[in-house]
Amino acid sequence: MASESTQQRGPVIGLLLHDFQLGGAERVAIRLANAWVQLGCRVVLFAGGAGGLQRQLLSDAVEVVVADPPLVRGLRASPARLAKWVAARAAGMDAFYLPGNSYFTAVGPLSVAGVRIYATITNSLWRIDRSLARNVVFALATRRRLRKAAGVMSMSPALLRQERRVLGNRIAMEAMPNALFERMPGWGRARRQRGRICAVGRLVPQKNFALLLHSFALLRDLPLTLDIAGDGPLRAELQQLAITLGVAERVRFLGAVANASGCMAEAEVVVLTSDYEGYPAVAVEALAAGAFVVSSNCSVGMKDILGGDLGVIVNKQQPAAFAAVLRQCFAREARNDAVKRQAMVRPLLESHVALEAARRHLQFMGLAPR
């Protein structure tokens, strides 16, 4: 537990980010940082670069230290390079928080500073799109990278069970809700557009938006439209695919959107076609927006999100399978029963409010708010 002096002055928590570019793990980390400050902690955010739209989301009370010269995201071993830079500046920290898998290589370099390190697993350690051999190699590498961590957070009970099998029992682990909302979401008056489908995410291979477009093309006979919120290297390719499939006039590519909740609030259905995910925050955000969710079986954590009439998990990564589920979805009225879904989803949403999630993180890290 934290010492008496730590409790009096409030814990000091270090946080590592590549930069402030759009990304789910980074957005959650910023919400946690803001909430920790509200709870009386001092938070120092070390960033490799200052660029990115999410900088505006950070509280002025969070201290920011940016590498000079910048340590650019994407360079080989950039988290490890960042960590070496941070280690020399980590004196006085009570704990250091790493917000996702891409930061795991920072554990070793940071450990030399003698600070307790905690990390959140944001992508599945055992992926269905990898062979058994590759999964085993990745699991061993992850176990080695995290061996000096004081604790690891898993994003849901189902994921925790899977990750304990991968990492073993030597690392302290606990299921920990992500800070997905600044405050409890309010549903307000529905602005839903009849026949509107929405998808949110970076336009990268992992998200498999090509599968979504092929599935949507099989529903030409229905009066449906599709909004895709997000940007990435596959944008031009996906736009051309929409033209080739003959659905371009009914598909809108919205580009990078700082807050996609408005898009999801207008949709009747939010679709996830990812090949793999950790704990897909967009699914929870879609439920908070009142939308019905149709998702690939991209994570065991999806079972902790969807239940009852909240959504459907599609077990086959095939256009026909998604099209069949969507066709059935638009043929029934359950997706429109927002009042029923609101009551069902409320406990899930409450656990993801930033202050509640931040308190639970502090408890696991052995730090008491002032």
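Here, residue 1 is the first one in the sequence, and each next residue gets the next number.
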Practice problem: Check whether any side-chain N or O of Ser156 sits under 3.5 Å from a backbone N or O of Leu159 as a donor-acceptor pair, and report yes or no. | Solution: yes
Quiz item: Is there a donor-acceptor pair under 3.5 Å between the side chain of Arg31 and the backbone N or O of Ala179?
Solution: yes
Quiz item: Do you reckon Tyr276 sits in the same ILVMFWY cluster as Val200, going by side-chain contacts under 4.5 Å, direct or chained?
Solution: no
Quiz prompt | Ring centre gap for His352 and Tyr279 strictly below 6.0 Å | solution = yes
Quiz item: Shared ILVMFWY cluster between Phe20 and Trp85, side chains joined below 4.5 angstrom?
Solution: yes
Exercise. Check for a donor-acceptor pair, side chain of Ser111 on one end and backbone N or O of Lys148 on the other, with a separation under 3.5 Å.
Key: no
Quiz item: Do Leu15 and Val65 sit in the same hydrophobic cluster, where Ile, Leu, Val, Met, Phe, Trp and Tyr count as joined when their side-chain heavy atoms come under 4.5 Å apart?
Solution: yes
Quiz item: Looking only at heavy atoms, which two atoms of Leu310 and Leu287 are closest? And how far apart?
Solution: O-CD2, 3.5 Å
Exercise. Flag this pair as yes if the NZ/CZ of Arg130 is under 6.0 angstrom from the six-membered ring centre of Phe138 and inside a 45 degree cone about the axis; otherwise no.
Key: yes
Quiz item: Donor-acceptor pair, Arg327 side chain versus Leu219 backbone, under 3.5 Å?
Solution: no
Quiz item: Is it true that Met184 and Met344 fall in one hydrophobic cluster, defined by side-chain heavy atoms closer than 4.5 Å?
Solution: yes
Quiz item: Hey, does the side chain of Ser299 reach the backbone of Gly278 with a donor-acceptor pair shorter than 3.5 angstrom?
Solution: yes
Quiz item: Of all heavy-atom pairs between Ser59 and Asn34, which one has the smallest distance, and what is that distance?
Solution: N-OD1, 2.7 Å
Quiz item: Does the separation of the ring centres of Phe322 and His214 fall below 6.0 angstrom?
Solution: no
Practice problem: Check for a donor-acceptor pair, side chain of Arg220 on one end and backbone N or O of Val247 on the other, with a separation under 3.5 Å. | Solution: no
Quiz item: Where the side chain of Thr273 meets the backbone of Asn208, is there a donor-acceptor pair that is under 3.5 Å apart?
Solution: yes
Quiz item: Would you say the side chain of Glu356 lies within less than 4.5 Å of the side chain of Glu350, judging by non-hydrogen atoms?
Solution: no
Quiz item: Is it true that Tyr97 and Trp36 have ring centroids separated by less than 6.0 Å?
Solution: yes
Quiz item: Checking Arg164 side chain against Arg161 main chain: does a donor-acceptor pair fall under 3.5 Å?
Solution: no
